[in-house]
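Read through the structure below, which is laid out as structure tokens, and then see the notes.
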Amino acid sequence: MKIIHVIGAGPAGLMAAERLAGSGVRVIVHEAMPSVSRKLLMAGRGGLNLTHSEPIEGFLSRYGEASPVVARWIERFSPTRLIGWVEGLGQATFTGSSGRVFPKAMKASPLLRAWLNRLADLGVEVRTRSRWTGRRDGGWVFMTPTGEVVEQADAVVLALGGASWPRLGSDGSWAQTLCEAGVEVADFRPSNVGFDVTWSEVLVERFAGEPLKTIALSHGGQSVRGDLMLTRYGLEGGAVYALSAALRDAIARDGSAELVVDLRPDLSIEALAARLTKPRGKDSVTNWLRKAGGLSPAAVGLLREIPGQIPEGADKLARRIKAVRLSLTGVQGLERAISSAGGVRFDQVTDNLMLKVLSGVFVAGEMLDWEAPTGGYLLQASFASGVVAADGVLDWLGAPGQGAALP
């Protein structure tokens with residue numbers, strides 16, 4: 001029986017392991033941490049957004065420059081197939097008002113337990129505290145609690161993650177090992193990450209940790225709706241994450257980036273101005289803007305951050321509310337990022353994700369150089385890449401003259 005080692009027990013690695021084991025090969029999964037899928041469990045604290053229900057053309061556009069490649073993965077394992085797979089594990093799903101798809105349990109642990117039970121039934125062996133350290137004399141070297149172990153394999157799937165949330169296990173340390181083997185790896189960059197803004201002491205003291213609900217953000221011709229969180233350092237949240245790649249690159253290029261916040265995207269300037277003609281009376285400015293403009297205290301606090309007084313006149317005030325211009329001066333680091341860009345370049349792998357310089361070694365998940373916003377796009381592509389890598393292994397093993405021990 002062929003033996004396949006899968007290194008990394010996140011969504012991509014476990015999906016590859018399931019697909020391989022279901023085809024009758026022996027699968028051993030290695031995980032450096034004491035438990036598996038720690039980032040998946042962390043993501044589940046926010047509801048575990050599995051995928052998204054938007055039409056496929058819009059869906060694929062979320063992957064930016066990587067869209068042509070990721071499209072091939074998702075063709076193999078689509079959102080519909082992912083939902084069917086989840087429900088096949090006994091975990092019902094639902095689609096929220098935003099189009100995002102969640103398990104009804106709204107957390108990752110029930111799904112992960114059911115998945116690990118299925119893998120056990122398929123004969124998959126999962127070894128935790130087994131850290132890959134490199135290759136030697138044709139074998140794969142792991143550091144374990146009992147010491148160094150050298151394993152032979154007929155093929156290997158690397159699914160070691162990117163470089164975000166390193167405390168959960170994906171620290172990107174594998175990059176040096178692959179570079180030494182001749183694989184070109186793009187530098188890691190934070191993605192789905194917060195940005196620095198120089199706030200006043202008043203805003204930090206009164207509104208850090210407060211959300212801005214149902215706003216719209218614009219930058220460089222892109223516009224997204226969603227929620228935002230004011231933080232002591234600046235901004236974070238789903239809406240800014242959707243623009244994080246463009247904002248990050250603008251800051252790297254220009255030193256700063258302008259972000260335009262529309263605090264009332266559901267109203268036109270004219271409709272908002274009409275509401276703001278209501279006399280203030282004895283109300284404070286904050287109360288008046290809450291009643292007439294529908295602004296939260298945090299939104300009013302954001303308005304006050306713009307140099308100069310809140311403008312007089314309904315039309316000017318409406319225009320300010322619809323276009324609060326913020327200067328983003330920096331990007332939070334990889335340790336605070338939800339995901340990362342960078343990794344193994346696509347020109348280093350074949351269409352079935354085998355490394356061109358290491359025959360029989362396949363790569364899946366965030367190790368590859370792609371990025372996507374939160375909203376289900378990250379998990380969908382990670383799962384799908386695991387399917388592609390596993391199918392690549394099976395194709396490679398079945399090819400004439402293939403399947404020998406790796407060099």
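These numbers come from a predicted model, not from an experiment.
A salt bridge links Glu18 with Arg118; the closest basic N to acidic carboxylate O contact falls under 4.0 Å. With salt bridges taken as basic N to acidic carboxylate O contacts below 4.0 Å, none links Arg345 and Asp369. At a threshold of 4.0 Å, the pair Glu371-Arg248 counts as salt-bridged, since one of the basic side-chain nitrogens sits closer than that to a carboxylate oxygen. A salt bridge does not link Glu31 with Arg38: none of the charged nitrogens is closer than 4.0 Å to a carboxylate oxygen.
The aromatic rings of His5 and His30 lie parallel to each other, with less than 30° between the two planes, well short of the 60° mark.
Remark: aromatic rings of Tyr377 and Trp73 are distant, center separation not under 6.0 Å. Centroid-to-centroid, the aromatic rings of Trp199 and Phe207 stay 6.0 Å apart or farther. Outside the 6.0 Å centre-distance limit, the rings of Trp174 and Trp132 are not counted as a close aromatic pair.
With hydrogens and angles left out, the side-chain atoms of Ser339 and Asn192 include a donor and acceptor closer than 3.5 Å. Under the 3.5 Å distance criterion, with hydrogens and angles disregarded, a donor-acceptor pair is assigned to the side chains of Ser164 and Lys39. A donor atom on one side chain and an acceptor atom on the other are found under 3.5 Å apart for Glu180 and Gln176.
Enclosure of atom CD in Glu201 is not indicated, since only 12 or fewer non-hydrogen atoms of other residues, nucleotides or ligands lie within 6.0 angstrom.
For the salt bridge (Lys or Arg N to Asp or Glu O under 4.0 Å) test, residues two or more places apart in sequence or in another chain that qualify with Glu258 are Arg325.
The line from NE2 of His219 to CG of Leu247 is 5.0 Å long, rounded to the nearest 0.5 Å.
Put simply, the side chain of Lys322 gets close to the backbone of Arg264: a donor and an acceptor are under 3.5 Å apart.
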